[in-house]
Enquirer: 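Below is one structure. I have some questions about it.
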Amino acid sequence: MRVISLNANGIRSAARKGFYSWMEREDPDFVCLQETKAQEHQLPLEAAAVAHYTGVFLDAERKGYSGVAIYAKRKPANIVRGFGWSEFENEGRYLQFDYGSFSIASLYVVSGSMGPVRQAAKEQFLDGLYNELARLRKDGHTYIICGDINIAHTELDVYNPKRCSHISGFFPHERAWLDRVLGDLDWVDAFRVVNHNAGEYSWWSNFRNDFEHNRGWRIDYQLITPDLRDRVQSARIYRDARFSDHAPIIVDYAIELT
C-alpha cells in the first residue's frame with residue numbers, strides 16, 4: 001500500500017505544476033492533501049486524469065483558505081468530516097476514510113507563524129487534537145493519519161535547531177506535545193521507522209534560496225498506530241519536482257485492504 005501526503009499550498013497551483021500527472025505515475029493507493037485552498041468544483045481539468053480515484057474534499061468556508069482532501073483507489077465504507085469542534089469546524093482541517101477496522105485521515109494543524117493570536121489558536125487546536133488522538137488509540141482500529149502538523153519534532157528535523165527554537169513550529173513546548181503523542185499515546189512517526197537520515201525536510205521557506213540550500217523543516221507526517229510499525233517498508237520525501245513549498249511524503253506499507 002502506497003500512501004502519499006502533501007500540503008499542496010493550493011491544489012490548483014499544484015495541478016499547474018504537474019501534480020496530477022505525477023500522482024498517476026506514482027500510482028498510490030491513497031493521497032492525503034492539506035491546504036487545498038479550493039472548493040471541489042474549482043478543480044482544474046488536470047484533476048480529471050485521476051477520475052479512477054474516489055476524491056473527497058473538505059473545504060473551508062473561507063475562500064482560498066485551508067481545506068483537506070483524500071483520494072483513494074477504493075471507495076470508503078464511511079467518511080468522517082471534522083472533529084465537531086465549533087471553533088475550527090469551518091476551516092476544513094480533518095477528513096477520515098473508514099474501511100472496517102482500518103482508517104486513513106488527512107489532517108491540517110493550525111499554523112502559529114502569523115503571530116500570537118494564531119499561535120494561541122494553534123495551541124488550542126493541539127489540546128483538542130491530543131484528546132482526539134487519545135480517543136482514537138482506544139477504539140481498536142488501525143490508523144494512518146497524514147498531515148501537516150506544523151511542528152518539527154527533533155533537532156534532526158530542522159536545518160538550524162538553535163535558530164529555529166525561537167520560531168513557531170519548533171518551540172520547546174510544541175516539541176514536548178509531539179513527544180507525548182509519540183510517547184504517552186504510542187503513536188508512531190512512520191517516516192522515522194525506516195529513515196533516520198539528517199537533512200530530510202518537507203517544507204522550505206521561499207526566502208534566501210532555502211530549498212536550493214536545503215534549509216528546511218520536516219513538519220509533515222504519517223502518524224500510525226503501533227500495529228503498523230513493522231509494516232513500514234520504505235519512506236521518502238520527493239524533491240525532484242516542486243508542486244508546493246512542501247514536498248510529498250511517500251510511505252509504502254506491507255498491508256492490503258481486504
Side-chain angles (χ1 to χ4, degrees), residues 5-9 32-37 56-62 65-70 76 78-98 102-154 157 167-191 202-203 217-226 228 246 249:
S5 182
L6 171 66
N7 178 316
N9 193 15
C32 295
L33 300 174
Q34 303 87 44
E35 206 170 1
T36 51
K37 294 184 176 181
V56 175
F57 280 64
L58 180 63
D59 306 319
E61 287 184 7
R62 176 179 162 190
Y65 177 73
S66 193
V68 290
I70 300 177
N78 182 58
I79 300 174
V80 178
R81 294 173 172 86
F83 292 124
W85 305 341
S86 58
E87 301 91 336
F88 300 101
E89 201 65 6
N90 63 353
E91 294 189 3
R93 293 192 177 274
Y94 185 81
L95 179 66
Q96 177 181 307
F97 280 12
D98 295 332
F102 170 80
S103 297
I104 186 165
S106 186
L107 168 70
Y108 181 35
V109 169
V110 174
S111 171
S113 62
M114 297 304 290
V117 172
R118 290 309 287 172
Q119 181 65 30
K122 177 182 182 179
E123 292 178 11
Q124 180 184 2
F125 187 93
L126 291 175
D127 287 343
L129 179 59
Y130 186 89
N131 294 331
E132 291 292 339
L133 292 174
R135 179 183 64 82
L136 295 179
R137 284 289 293 116
K138 295 176 182 176
D139 71 7
H141 285 208
T142 294
Y143 283 94
I144 300 175
I145 298 181
C146 300
D148 176 0
I149 297 181
N150 270 312
I151 299 173
H153 185 211
T154 73
D157 298 316
I167 303 172
S168 175
F170 202 59
F171 288 148
H173 68 276
E174 294 178 322
R175 297 171 60 196
W177 180 90
L178 201 44
D179 283 339
R180 291 190 293 121
V181 168
L182 300 177
D184 298 348
L185 299 185
D186 209 23
W187 286 88
V188 177
D189 177 356
F191 186 84
S202 64
W203 174 81
W217 299 48
R218 190 177 71 95
I219 57 176
D220 301 274
Y221 296 81
Q222 293 190 24
L223 298 180
I224 59 175
T225 43
L228 290 182
H246 294 249
I249 311 300

Enquirer: Evaluate the side-chain proximity of L129 to W177: yes if any heavy-atom separation is below 4.5 Å, no if none is.
Expert: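 SC-SC contact between W177 and L129 confirmed.
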Enquirer: Name all pairs fulfilling the salt bridge (Lys or Arg N to Asp or Glu O under 4.0 Å) condition that reach into residues 121-130, sequence neighbours left out, sorted by first residue then second.
Expert: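 Applying salt bridge (Lys or Arg N to Asp or Glu O under 4.0 Å) to every pair that reaches into residues 121-130, excluding sequence neighbours, yields K122-E174.
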Enquirer: Nearest 0.5 angstrom please: R137 CZ to D186 CG, how far?
Expert: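 Rounded to the nearest 0.5 Å, the CZ-CG separation comes out at 5.5 Å.
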Enquirer: Just how far is it from atom CD1 of I104 to atom OG1 of T142, taken to the nearest 0.5 Å?
Expert: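 Answer for the CD1-OG1 pair, I104 versus T142, is 12.0 Å.
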Enquirer: How about Q222 and I249: do any of their side-chain heavy atoms sit closer than 4.5 Å?
Expert: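 Sidechains of I249 and Q222: in contact.
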Enquirer: Closest heavy-atom contact between S168 and Q119?
Expert: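 Smallest heavy-atom distance, with atoms named: OG-OE1, 2.6 Å.
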Enquirer: As an exercise, state the distance from OG1 of T225 to CG of L185, rounded to the nearest 0.5 Å.
Expert: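 CG of L185 is found 12.5 Å from OG1 of T225.
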Enquirer: Please check this pair: side chain of E89 against backbone of G84, looking for a donor-acceptor N/O pair closer than 3.5 Å.
Expert: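 Here the side-chain-to-backbone pair exists.
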Enquirer: Can you tell if the side chain of R175 reaches within under 4.5 Å of the side chain of F170, non-hydrogen atoms only?
Expert: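 They are in side-chain contact.
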Enquirer: Counting only N and O atoms by type, is there a donor-acceptor contact under 3.5 Å from the side chain of S66 to the main-chain atoms of E91?
Expert: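 At least one qualifying donor-acceptor pair exists.
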Enquirer: Where do V68 and S106 come nearest, in terms of heavy atoms and distance?
Expert: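 Minimum heavy-atom separation between V68 and S106: CB-OG, 3.9 Å.
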Enquirer: In the structure I gave you, are the side-chain heavy atoms of L223 and L182 within less than 4.5 Å of one another anywhere?
Expert: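 They are in side-chain contact.
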Enquirer: Can you classify the ring geometry of F88 versus W85 as parallel (below 30°), tilted (30 to 60°) or perpendicular (above 60°)?
Expert: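 Judged by the thresholds at 30° and 60°, the geometry between F88 and W85 is perpendicular.
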Enquirer: List for me each residue that meets side-chain hydrogen bond (donor to acceptor under 3.5 Å, both in side chains) alongside D189, sequence neighbours excluded, and say none if there are none.
Expert: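 R218.
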Enquirer: Is there a side-chain contact between V109 and I151 in this structure, where contact means two heavy atoms from C-beta onward sitting under 4.5 Å apart?
Expert: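 When only atoms from C-beta onward are counted, I151 and V109 do not touch, as no gap falls below 4.5 Å.
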Enquirer: Is the shortest side-chain heavy-atom distance between D98 and V80 below 4.5 Å?
Expert: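 Yes, side chains in contact.
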Enquirer: Let me see the working for V110 and N150 under side chain to side chain contact (heavy atoms under 4.5 Å, CB included), right down to the final yes or no.
Expert: CA-CA 7 Å; V110 174; N150 270 312; over 6 Å; no
Enquirer: Taking N131 for the side chain and G128 for the main chain, is one N or O donor matched with an acceptor at less than 3.5 Å?
Expert: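 Side chain of N131 to backbone of G128: no pair is present.
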Enquirer: Which atom names give the shortest non-hydrogen contact between A69 and T36, and what distance separates them?
Expert: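 Smallest heavy-atom distance, with atoms named: CB-CG2, 4.1 Å.
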Enquirer: Under the rule for salt bridge (charged side-chain N to carboxylate O under 4.0 Å, His left out), what residues qualify as partners of R81, not counting sequence neighbours?
Expert: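 Result, salt bridge (charged side-chain N to carboxylate O under 4.0 Å, His left out) vs R81: none returned.
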Enquirer: Please report the interatomic distance CD1(I149) to OH(Y221), rounded to the nearest 0.5 Å.
Expert: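 Interatomic distance, I149 CD1 to Y221 OH, rounded to 0.5 Å: 6.0 Å.
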Enquirer: Give the minimum heavy-atom separation between S103 and H141, together with the two atoms involved.
Expert: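 Closest approach of S103 to H141: OG-ND1, 4.0 Å.
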Enquirer: Please name all residues satisfying side-chain contact (heavy atoms from CB on, under 4.5 Å) with I167, sequence neighbours left out, ordered by chain then number.
Expert: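 Checked I167 against side-chain contact (heavy atoms from CB on, under 4.5 Å); matches are W217.
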Enquirer: If you round to the nearest 0.5 Å, how far is CG of L58 from CD1 of I70?
Expert: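 Going from CD1 on I70 over to CG on L58, the span is 9.5 Å.
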Enquirer: Only counting residues at least two apart or in another chain, list the ones meeting ring-ring contact (aromatic ring centres under 6.0 Å, His included) with Y108.
Expert: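 Not a single residue meets the ring-ring contact (aromatic ring centres under 6.0 Å, His included) criterion with Y108.
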Enquirer: Got a sec, which residues hit side-chain hydrogen bond (donor to acceptor under 3.5 Å, both in side chains) with Y130, two or more places apart in sequence or on another chain?
Expert: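 With sequence neighbours excluded, Y130 shows a side-chain hydrogen bond (donor to acceptor under 3.5 Å, both in side chains) to no residue whatsoever.
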Enquirer: Which pair of heavy atoms, one from I219 and one from S202, lies closest together, and at what distance?
Expert: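 Where I219 meets S202 most closely, the heavy atoms are N-OG, 3.1 Å.
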Enquirer: Testing the basics here: between W187 and L133, what is the closest heavy-atom pair and its distance to 0.1 Å?
Expert: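 The answer is NE1-O, 3.2 Å.
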Enquirer: Roughly how far, to the nearest 0.5 Å, is CD of Q96 from CD1 of I145?
Expert: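 Interatomic distance, I145 CD1 to Q96 CD, rounded to 0.5 Å: 7.0 Å.
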